[in-house]
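The next block holds one structure in the form of structure tokens; read it before the comments.
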Amino acid sequence: MKVHSLFVYPVKSLAGIEVDRFDIDDFGPAGDRRWMIVDDDRRFVTQREMPELARVATTLAEKRVAIDIPGEGRFPLIATDVALQVLVWRDWVPAIIGRPEANEALSRFCGRSLRFVYMPDSSFRRVDAGRVEAYRRVGFADGFPFLVTNTASLSELNGRLDAPVEMRRFRPNIVVEGVGPWDEDNWQLLVIGDNRLSIVKPCSRCVMTTVDPATGQKDTALQPLRTLSGYRKTSDGVIFGQNAIHESPGSIRVGDPVTVNKSE
């Protein structure tokens, strides 16, 4: 059992980046979802309502994030000194507004007023206290620092679909291989190289899984979510992947061995 692939998402709901390794800081994968898009009501905006965001590419180099917007060009994301309270799910979070050039370009691309905001180190958003007793933080990810998925589970799902889908649909951070389909349902603790990750919640899936990451178009048949809901629906929702938290800083590389220390 080993790490098959790794992904980071510098901006919540924009295209992710496949990497060979990433460092782990207090927030999770370094640079992951420290930026987010908000509307004029300061509420977070995602591919759920704007699937075309999938077409906006991101790069992350030496802690600097840049975006490529179709028809608009490339823009670095640079925080200003203007603070703003923003809403992500039920959490109001202190953030900093990005410079106007990127905001204006994204607004033109999407046809509505939008802004980029950054979560500074001084901002503390707590992970779901109902799932994690420890006082742990997370960036602008939906709820937890890591999402772990399994290549065998995707293969099993694709065997049920007329048109197979890529793992990118599910926006994981860590993809593992070498175990059977849905073995992740019983994981409690993973050791990846020198890192320990606690599995804290199955990941419930939404309409974002129906967005083709290459085109930014939703599948008219609502696949693969419709098929998943036929046999992966639980009290936590329609499940694909597992949310996790880490114990300490470190780094993870593609090919690192993965051990399940505890399972039910």
Side-chain angles (χ1 to χ4, degrees), residues 7-17 27-29 31-60 65 67-70 72 75 77 84-93 95-98 102-103 105-119 123 125 127-128 138-147 149 165-173 201-220 222-225 228-229 236-241 243:
F7 297 86
V8 293
Y9 306 88
V11 184
K12 183 179 181 68
S13 227
L14 296 191
I17 306 167
F27 288 88
D32 190 78
R33 282 170 275 219
R34 295 289 295 274
W35 286 90
M36 186 174 71
I37 300 162
V38 298
D39 61 18
D40 287 343
D41 293 323
R42 299 177 290 159
R43 178 186 179 278
F44 75 121
V45 174
T46 73
Q47 291 180 38
R48 294 170 180 86
E49 64 267 35
M50 303 202 72
E52 63 268 31
L53 291 174
R55 298 174 55 213
V56 181
T58 60
T59 58
L60 176 62
V65 179
I67 58 169
D68 284 287
I69 304 175
E72 293 288 341
F75 300 85
L77 295 186
L84 187 72
Q85 290 281 330
V86 297
L87 181 65
V88 52
W89 295 111
R90 292 174 295 179
D91 301 326
W92 284 100
V93 182
I96 302 173
I97 298 174
N103 300 338
L106 186 69
S107 297
R108 288 191 297 268
F109 174 70
C110 293
R112 60 184 289 198
S113 178
L114 299 171
R115 287 180 285 183
F116 290 97
V117 295
Y118 177 72
M119 182 184 289
S123 183
R125 178 183 173 223
V127 301
D128 185 351
V138 64
F140 286 128
D142 279 352
F144 301 94
F146 293 89
L147 174 61
T149 62
V165 298
E166 299 178 71
M167 189 65 85
R168 289 192 299 162
R169 294 275 186 126
F170 299 97
R171 300 177 68 82
N173 298 110
K201 181 183 178 295
C203 186
S204 58
R205 311 315 307 219
C206 69
V207 71
M208 273 184 62
T209 60
T210 71
V211 177
D212 185 333
T215 66
Q217 298 290 321
K218 287 183 180 178
D219 185 86
T220 56
L222 296 181
Q223 297 292 11
L225 187 60
L228 268 179
S229 66
D236 286 304
V238 178
I239 302 304
F240 189 100
N243 293 118

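Computation of the quantities below employed the complete heavy-atom set of this structure, encompassing side-chain atoms and omitting hydrogens, waters and symmetry-equivalent molecules. Given the structure is predicted, the values throughout are model-derived calculations rather than measurements.
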| task | Tell me, please, which residues at least two apart from D40 pass salt bridge (charged side-chain N to carboxylate O under 4.0 Å, His left out). | result |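 Salt bridge (charged side-chain N to carboxylate O under 4.0 Å, His left out) check on D40 returns nothing, list empty.
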Taking the side chain as C-beta and beyond, is there a heavy-atom pair between [X] and [Y] under 4.5 Å?
X    : Y    : result
R169 : P224 : yes
V88  : V93  : yes
V207 : Q47  : no
L53  : L106 : yes
M167 : P172 : yes
V45  : M50  : yes
I67  : L14  : yes

| task | Could you list the residues that satisfy ring pair (Phe, Tyr, Trp, His ring centres under 6.0 Å) with F7, not counting sequence neighbours? | result |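 Ring pair (Phe, Tyr, Trp, His ring centres under 6.0 Å) list for F7, sorted by chain: empty.
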For [X] and [Y], work out which heavy atoms get closest and say how close.
X    : Y    : result
L228 : I239 : CD2-O, 4.2 Å
M36  : L87  : CE-O, 4.2 Å
S204 : G237 : CB-CA, 4.0 Å
P145 : F27  : CB-O, 3.4 Å
P10  : I17  : CG-CD1, 3.7 Å
G216 : A54  : CA-CB, 4.0 Å

| Excluding sequence neighbours, so at least two apart, what forms side-chain contact (heavy atoms from CB on, under 4.5 Å) with T46? |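 By the side-chain contact (heavy atoms from CB on, under 4.5 Å) rule, T46 matches K12, S13, F44, R48, E49, M208.
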Can you tell me if [X] uses its side chain to pair, donor with acceptor, with the backbone of [Y] under 3.5 Å?
X    : Y    : value
N103 : F116 : yes
R125 : G139 : yes
S123 : A95  : no
D128 : G143 : no
T58  : A15  : yes
D212 : A214 : yes
Y9   : G31  : no
D41  : R43  : no
R108 : E72  : no
R205 : V238 : no

| query | Step by step, would you call W35 with M119 a side chain to side chain contact (heavy atoms under 4.5 Å, CB included)? | reply | CA-CA 6 Å; W35 286 90; M119 182 184 289; over 6 Å; no
| query | So F240 and F170, would you call those rings parallel, tilted or perpendicular, with 30° and 60° as cut-offs? | reply |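 Because their plane-to-plane angle is under 30°, the rings of F240 and F170 count as parallel.
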| query | Yes or no on side chain to side chain contact (heavy atoms under 4.5 Å, CB included) for L84 and V117, after CA distance, side-chain angles and deciding distance? | reply | CA-CA 8 Å; L84 187 72; V117 295; 4.3 Å; yes
| field | Positive for side-chain contact (heavy atoms from CB on, under 4.5 Å) with V11, one of D32, I37, V56 | value |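 Among D32, I37, V56, the one meeting side-chain contact (heavy atoms from CB on, under 4.5 Å) with V11 is I37.
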Going from [atom1] on [X] to [atom2] on [Y], what distance comes out if it is rounded to the nearest 0.5 angstrom?
X    : Y    : atom1 : atom2 : answer
S107 : I69  : OG    : CD1   : 8.5 Å
E52  : K218 : CD    : NZ    : 9.5 Å
D219 : L225 : CG    : CG    : 10.0 Å
Y118 : F140 : OH    : CZ    : 10.0 Å
C203 : D236 : SG    : CG    : 10.0 Å

| query | After noting the C-alpha distance and the side-chain angles of R112 and D39, does the key distance pass the side chain to side chain contact (heavy atoms under 4.5 Å, CB included) rule? | reply | CA-CA 8 Å; R112 60 184 289 198; D39 61 18; 3.6 Å; yes
